[in-house]
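Each chain gets a letter, A, B and so on, in the order its sequence line appears, and its residues count up from 1.
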Amino acid sequence: MAAYFLRRFLLIAPTFIGITLLVFAVTRVVPGGPIERMMTQAQLGGESGAMQKNQGSGGTLSEEQLKDLAAYYGFDKPVLTGYAEWLGKVLQFDLGHSTRYQDPVWDIIKERFPVSLFFGITTLILTYAVCIPLGLLKGMYHGSRFDAWSSGVVFFGYALPSYVIGIAAISLFAGYWDWFPLGGFVSDDFDDLSYWGRVQDVFHHAVLPLIAYMAGSFAMTTFMMKNALMDHQSADYMRTAAAKGLSRHQAVRRHATRNSLIPIATSFGNNISVLIGGSFLIETIFNIDGIGLLGYEAILERDYPVVMGILVISSLLYMVGNILSDLCVALVDPRIRFGGPATA
Amino acid sequence: MSIFSLKNPVAIKRWQRFKRSRRGYYSAWLLLLLTALSLGAELLANNRALLVHYQGQWYFPTYSNVYSGEQFGLDYAYEVNYRDLQQHFADQDEGNWLLMPPIPFGPLETDLIAGDFPPHASSLATQHYLGTDTSGRDVAARLLYGFRIAILFSIALLILNYGVGVAIGCLMGFWGGAFDLIFQRIIEIWSNVPFLYVIMIVASIITPGFWTLLLIMAFFGWTGMTWYMRTATYKEVARDYVMAARALGASGSRIMFRHILPNSVSTLVTFVPFSVASGITSLTVLDFLGFGLPPPTPSWGELLKQGTENLESLWIVGSVVVAMTVILMLVAYVGEAIRDAYDPKQFSYYE
């Protein structure tokens with residue numbers, strides 16, 4: 001078992017290198033990088049700035065300047081060498097500087113953490129707090145009117161992608177009825193508000209994005225819980241419990257609930273990447289300044305150090321999350337043995 | 001194969017179970033009907049008339065050559081404006097008449113109403129039943145054509161993805177060893193690469209058309225099927241009948257095509273509806289972000305984008321969201337029914 005997880009952790013390294021190398025190569029091949037952007041800026045700036053300096057070159061950069069720039073951004077070396085250098089820096093926890101803001105990438109990402117963390121944690125808590133009881137109730141009263149109605153609602157969230165739900169929510173509740181703000185994380189006068197006012201303000205802004213965030217995972221978790229409970233309700237140990245004289249409620253509460261949580265545990269580790277990753281679509285729609293939006297804008301602006309930085313963090317978290325999921329399963333269900341044949 | 005010819009008792013059982021879930025069964029028919037209707041979108045939403053009766057002659061402009069205005073007694077040589085022609089015929093009252101499609105606007109045609117800036121709200125008088133978008137194009141027509149592109153795209157994507165996924169997954173399971181190990185790593189890397197990022201980067205350099213976009217998306221999308229196919233093949237290869245076939249001297253390709261594929265492919269059917277839904281969704285996302293099909297193409301994502309930028313014109317967002325809801329719900333119902341049909345265990349909906 002320990003050997004299995006050790007092997008899984010060791011396999012992170014080659015996969016990580018594969019992912020980053022692939023995207024790194026893409027960023028090199030793609031035209032329109034930071035240097036091209038600099039050149040267009042210089043050309044545009046040349047209109048006004050040409051009077052003072054480099055009148056001869058008409059605003060464009062000279063060969064030498066271009067070379068300096070290429071060297072500055074590390075674009076003068078072949079892909080593999082450039083990648084090796086980049087990887088060496090990453091191993092020293094240096095993600096480089098953003099070509100757009102000139103700030104260290106790590107600082108930029110750190111700045112956005114709280115927002116993404118807020119949405120991640122709130123979504124996580126709400127999803128589990130609502131889905132587990134709802135799934136249990138649906139399982140216990142399978143086929144009832146409550147089950148049918150809640151299935152309709154849950155199915156809605158399952159069929160529609162969360163960004164569409166976000167768009168529908170914002171256009172109805174913010175655009176048409178004006179109940180909620182049109183986006184952003186806090187109001188402009190946030191600093192002047194009292195403590196209680198600030199809490200209210202944050203949640204007022206957060207309601208719609210949270211609905212969108214939850215819609216995706218909601219159906220999965222609820223149905224997983226329901227199906228697991230229904231499987232267990234027909235299990236032998238439940239009949240034994242009934243024979244002992246427990247009522248159905250007691251039997252479910254004392255025996256089936258715990259066993260039914262096992263499948264939920266399977267996906268628990270994956271939350272770690274959702275927790276801070278955020279969805280750039282939802283963040284774009286609601287104009288929330290989180291990691292997702294940062295990554296999206298970084299691609300648009302060809303801010304490759306930021307793109308790579310986010311990729312490093314998100315892919316590491318994803319892989320660690322997968323292993324964590326397996327670990328959770330192994331912890332919750334002692335029957336499961338990873339790696340190698342089961343020893344009976 | 002056993003799924004299509006319903007001689008196999010298991011397949012008959014499945015088909016009966018599928019029919020028994022009425023919701024899924026009717027959704028499947030409705031979905032087929034909608035797809036068929038969208039294939040004939042020109043007959044439903046078009047700025048060309050369905051048929052023209054002019055001086056005793058019949059014309060069918062929908063699928064024929066372009067008719068100039070002069071042919072119908074108007075004073076211009078460019079293409080007839082059939083909506084004006086209809087008015088013209090009515091004014092003349094000489095027994096000429098023409099029949100317009102239910103939605104008398106093309107998907108690319110801008111219809112500017114004098115004295116008003118687009119987007120125009122939906123109204124029966126202007127025959128823009130769902131209003132127009134920000135450049136005065138009919139939303140209903142664009143929805144219809146957009147659906148056609150989305151569904152065809154997602155079916156083509158599905159065929160490509162399943163083709164590659166099944167082939168590679170089958171080989172991984174059949175050959176095992178180093179081939180399996182290498183492809184496992186490749187798939188792991190592939191599915192971890194933020195595929196939307198790469199598509200966005202690629203799409204921002206070249207303007208992708210239908211086929212290029214399809215190829216790029218298939219390039220990153222095939223991995224999903226491979227895992228299932230690999231496990232299924234591993235399971236089948238270990239069965240006694242495969243050993244028996246081997247002992248009888250069957251070649252590798254014969255075992256693969258006659259024994260393993262028919263037995264493992266059938267469960268892949270349960271994934272099809274969800275792949276169709278995800279194909280539609282991802283095309284819409286790309287169009288929404290502006291990295292999808294080039295601008296004049298009617299698409300749901302582009303309408304969504306316009307809608308979010310003009311929240312006061314609620315009919316744009318409203319139409320697309322309702323259309324997407326209907327289609328994706330139908331697909332999900334079909335998927336649910338197929339899952340039920342393939343899963344002999346009662347009461348389980350999702351894995």
Side-chain angles (χ1 to χ4, degrees), chain A residues 11 14-23 26-27 29-32 139 142-143 151 155-156 158-161 163-168 170-172 174-176 182 219-220 223-224 226-228 230-231 233-234 263 280-281 284-285 295-296 298-300 302 307 310-311 314-315 318-319 322, chain B residues 23 184-194 196-202 204-206 274 277-278 280-282 284-285 288-291 300-301 304-305 307-308 310-314 316-318 320-322 324-333 335-336 345-351:
Chain A
L11 274 175
T15 317
F16 174 78
I17 291 177
I19 299 167
T20 45
L21 181 59
L22 195 72
V23 177
V26 169
T27 60
V29 177
V30 166
H142 173 77
S151 279
F155 209 73
F156 194 74
Y158 171 72
L160 278 182
Y163 83 100
V164 172
I165 293 178
I167 290 175
I170 199 174
S171 45
L172 260 188
Y176 190 67
L182 269 170
M220 278 297 180
F223 276 107
M224 217 152 38
K226 182 190 172 184
N227 291 336
M230 294 191 47
D231 280 351
Q233 272 184 349
S234 52
F280 75 95
L281 277 168
T284 315
I285 291 163
Y296 177 62
I299 289 183
L300 289 187
R302 302 277 193 285
V307 173
I310 291 178
L311 183 71
S314 64
S315 57
Y318 177 81
M319 286 186 283
N322 269 348
Chain B
R23 199 165 62 175
Q184 269 187 50
R185 293 284 86 73
I186 291 181
I187 292 172
E188 204 161 64
I189 292 169
W190 230 238
S191 46
N192 273 312
V193 166
L196 219 51
Y197 277 22
V198 178
I199 274 201
M200 276 158 57
I201 291 176
V202 173
S204 53
I205 326 155
I206 50 162
F274 302 101
S278 81
I280 295 178
T281 315
S282 39
T284 314
V285 168
F288 174 71
L289 294 171
F291 296 106
W300 286 4
L304 269 182
K305 189 187 173 75
T308 45
N310 299 278
L311 281 178
E312 67 284 357
S313 315
L314 205 62
I316 304 179
V317 178
V320 195
V321 170
V322 169
M324 271 193 99
T325 312
V326 169
I327 297 298
L328 294 180
M329 290 287 263
L330 287 181
V331 174
Y333 282 144
E336 189 196 23
K345 204 167 58 178
Q346 222 70 40
F347 301 141
S348 78
Y349 295 88
Y350 305 103
E351 284 200 286

field: Part of A/T15 lying under 4.5 Å from any heavy atom of chain B
entry: both
task: Quick one: which of B/T308, B/L330, B/T325, B/V321 has the most heavy-atom pairs under 4.5 Å with chain A, could you say?
output: B/T325
- prompt: Of the backbone (N, CA, C, O) and the side chain (C-beta and beyond), which part of A/L21 lies under 4.5 Å from a heavy atom of chain B, both, or neither?
  reply: neither
Residue that, paired with B/T284, satisfies side-chain contact (heavy atoms from CB on, under 4.5 Å) out of B/L328, B/L304, B/V320: B/L304
- line: Tightest non-hydrogen contact, residues A/A159 and B/M329, listed as CB-SD, 3.7 Å
query: Which atom names give the shortest non-hydrogen contact between A/I19 and A/S315, and what distance separates them?
result: CD1-CB, 4.0 Å
- prompt: What's the spacing between A/I310 CD1 and A/Y296 OH if we round to 0.5 Å?
  reply: 13.5 Å
statement: When the 4.5 angstrom heavy-atom criterion is applied to A/I17 and chain B, the contacting part is neither
Interface residue of largest heavy-atom contact number with chain B, from A/G18, A/S171, A/A228, under 4.5 Å: A/S171
task: Verify side chain to side chain contact (heavy atoms under 4.5 Å, CB included) between A/M319 and B/E188, making sure each step is shown before the conclusion.
output: CA-CA 10 Å; A/M319 286 186 283; B/E188 204 161 64; 5.8 Å; no
message: To check you understand the geometry: which heavy-atom pair defines the closest contact between B/M324 and A/P161, and what is its length?
response: CE-CG, 4.3 Å
field: Atom group of B/V285 that falls short of 4.5 Å from chain A, counting heavy atoms
entry: both
query: So what's closer than 4.5 Å to chain A heavy atoms on B/L289: side chain, backbone, both or neither?
result: both
query: By a 4.5 Å heavy-atom criterion (distance strictly below it), what part of B/T281 contacts chain A: side chain, backbone, both, or neither?
result: both
- prompt: Heavy-atom distance under 4.5 Å to chain A: side chain of B/F288, backbone, both or neither?
  reply: side chain
- prompt: If every non-hydrogen atom of B/A277 is compared with every non-hydrogen atom of B/V331, which pair is closest and at what distance?
  reply: CB-CG1, 3.9 Å
field: Atom group of B/S278 that falls short of 4.5 Å from chain A, counting heavy atoms
entry: neither
task: Check ring-ring contact (aromatic ring centres under 6.0 Å, His included) between A/F16 and all other residues, then give those that pass, not counting sequence neighbours.
output: none
message: Quick check on A/I165 against chain B: is it the side chain, the backbone, both or neither that has a heavy atom closer than 4.5 Å?
response: neither
message: Using heavy-atom distances under 4.5 Å, tell me whether A/L281 contacts chain B through its side chain, its backbone, both, or neither.
response: side chain
